[in-house]
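Structure record follows, encoded as structure tokens.
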Amino acid sequence: MARADKSNWSYAALKAATERIPLHDFAVPAPELARKLLGTVLFHEQTAGMIVETEAYLGTDDLAAHSSRGITERTKVIFGPAGHAYIYLIYGIYECLNVVACDEGTPGCVLIRALEPLGGLPLMAQRRQWKGPVKGLANGPGKLTRALGITREQYGLRLDRGPLTIRQWREKPNFEIAVTPRIGISQCVDWPLRFVIAGNASVSK
DNA sequence: CAATAGATCATCT
DNA sequence: GATGATCTATTGC
């Protein structure tokens, strides 16, 4: 992971070292997409970070998933085409970013839980009012959205291109994936649907 | 260190 | 009217 170890890239160099992910590649079951998104890079507003922690949320059987209650004004995007952004407000304070999985009509999404900051670190720190170590800049779902300036204004945006995008390295990094139960839920607590890059310092606590 | 309380509001019952 | 896919500050050992 020599490439990913280099932090504070210029935004342009990071764009050049990565390539677009076809929208079609997102249309897989949520657990599979959760694995695929590890090691990819999320870009927004002159800041970027590598995804190091994800959680899969399934369809109707997964009572921890917002989509298990059916289509509502908030959850409708989860039932739409894959590769789009599901963003919601949690605890009245923080925004959480999800990537829609599965084919259109089938619910499923992946919560982005942590990033390793790569580009635009000063701006990320400023948005977060953060003076601690870089690894604490975006090591949580509410922290990463704030660090990258992501809000519900980006709800429903496609992520293969445009202002909020996820790209993959042209040279794929090599890493081990660890699987654990999901965090912060009260239903389906034991399901092994949380995926992390083993040993990465920016994984949440 | 670990445990706990508080912030704060859109969504759903 | 209750709750929540969180985070920070504070208290107490």
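Note: hydrogens, waters and symmetry copies are ignored here, and every other heavy atom, side chains too, is used.
Spacing between atom CZ of A:Arg182 and atom P of C:dT6 amounts to 11 Å, rounded to whole angstrom units. Following rounding to the nearest Å, A:Lys76 (NZ) and B:dA10 (C1') show an atom-to-atom distance of 15 Å. Taking atom CG on A:Leu58 and atom P on C:dA5, their separation rounds to 15 Å, with Å as the unit. Spacing between atom CG of A:Asn139 and atom P of C:dA5 amounts to 20 Å, rounded to whole angstrom units. To the nearest angstrom, C1' of C:dC7 lies 12 Å from CD1 of A:Ile90. Taking atom CD1 of residue A:Ile93 and atom P of nucleotide B:dC9, one finds them 8 Å apart after rounding to whole Å. As rounded to whole Å, 12 Å separates atom C1' of C:dA5 from atom CG of A:Leu193. Between the P atom of C:dA5 and the CG atom of A:Leu63 lies a distance of 12 Å, rounded to the nearest Å.
Taking a cutoff of 4.0 Å between a charged side-chain nitrogen and a carboxylate oxygen, A:Arg146 and A:Glu95 do not qualify as a salt bridge. The pair A:Asp25-A:Arg20 does not count as a salt bridge, with every side-chain nitrogen at least 4.0 angstrom from each carboxylate oxygen. Between A:Lys172 and A:Glu19 there is a salt bridge, since at least one side-chain N of the basic residue sits less than 4.0 Å from a carboxylate O of the acidic one. Salt bridge status for A:Arg113 with A:Glu55: present, with a side-chain N to carboxylate O gap under 4.0 Å.
The shortest distance between the side-chain N/O atoms of A:Arg146 and the OP1/OP2 oxygens of C:dC7 is not below 4.0 Å. For the pair A:His66 and C:dA5, the criterion of a side-chain N or O lying under 4.0 Å from OP1 or OP2 is met. Residue A:Lys205 places no side-chain N or O under 4.0 Å from the OP1 or OP2 atom of C:dT6. Taking only side-chain nitrogens and oxygens, A:Thr72 never comes nearer than 4.0 Å to OP1 or OP2 of B:dT11. Proximity of A:Arg74 to the phosphate of C:dA5: no side-chain N or O atom is located under 4.0 Å from OP1 or OP2.
At the heavy-atom level, A:Arg152 lies under 4.0 Å from the strands shown only through sugar-phosphate atoms. Across all strands shown, A:Gly142 has heavy atoms under 4.0 Å from sugar-phosphate atoms exclusively, and none from any base.
Side-chain proximity of A:Tyr86 to B:dC12, C:dT6, C:dA5: nearest is C:dA5. Taking the side chain of A:Cys109 as heavy atoms from C-beta on, and the options C:dC7, C:dA5, B:dC12, the nearest nucleotide is C:dA5. Comparing atom distances between the A:Tyr91 side chain and each of B:dT8, C:dA5, C:dT6 picks out C:dT6 as nearest. When the nucleotides C:dA5, B:dC12, C:dT6 are ranked by their closest atom to the side chain of A:Leu111, C:dA5 comes out on top.
Checked by atom type and distance alone, the side chain of A:Arg167 pairs as donor or acceptor with a backbone atom of A:Thr18 at under 3.5 Å.
Contact annotation: side chain of A:Tyr88 to base of C:dA5, donor-acceptor pair present below 3.5 Å.
In this model, a donor atom of one side chain and an acceptor atom of the other lie less than 3.5 Å apart for A:Arg127 and A:Thr47.
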## Note on the structure
Encoded 5' to 3' (Watson-Crick or G-U under 3.5 Å; [ ] crossing; | other strand), DNA chain B becomes |||||||.||||.
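Using cut-offs of 30° and 60° for the angle between ring planes, the A:Tyr88 and A:His66 rings count as perpendicular.
Residue side chain A:Tyr57 meets the stacking definition with respect to C:dA5: its ring centre sits within less than 5.5 angstrom of the base's six-membered ring centre, and the planes differ by less than 30 degrees.
Annotation: A:Lys135, atom NZ; neighbour count of heavy atoms from other residues, nucleotides and ligands within 6.0 Å does not exceed 12.
With P as the reference atom, B:dA5 and C:dT3 are 16 Å apart, rounded to whole Å.
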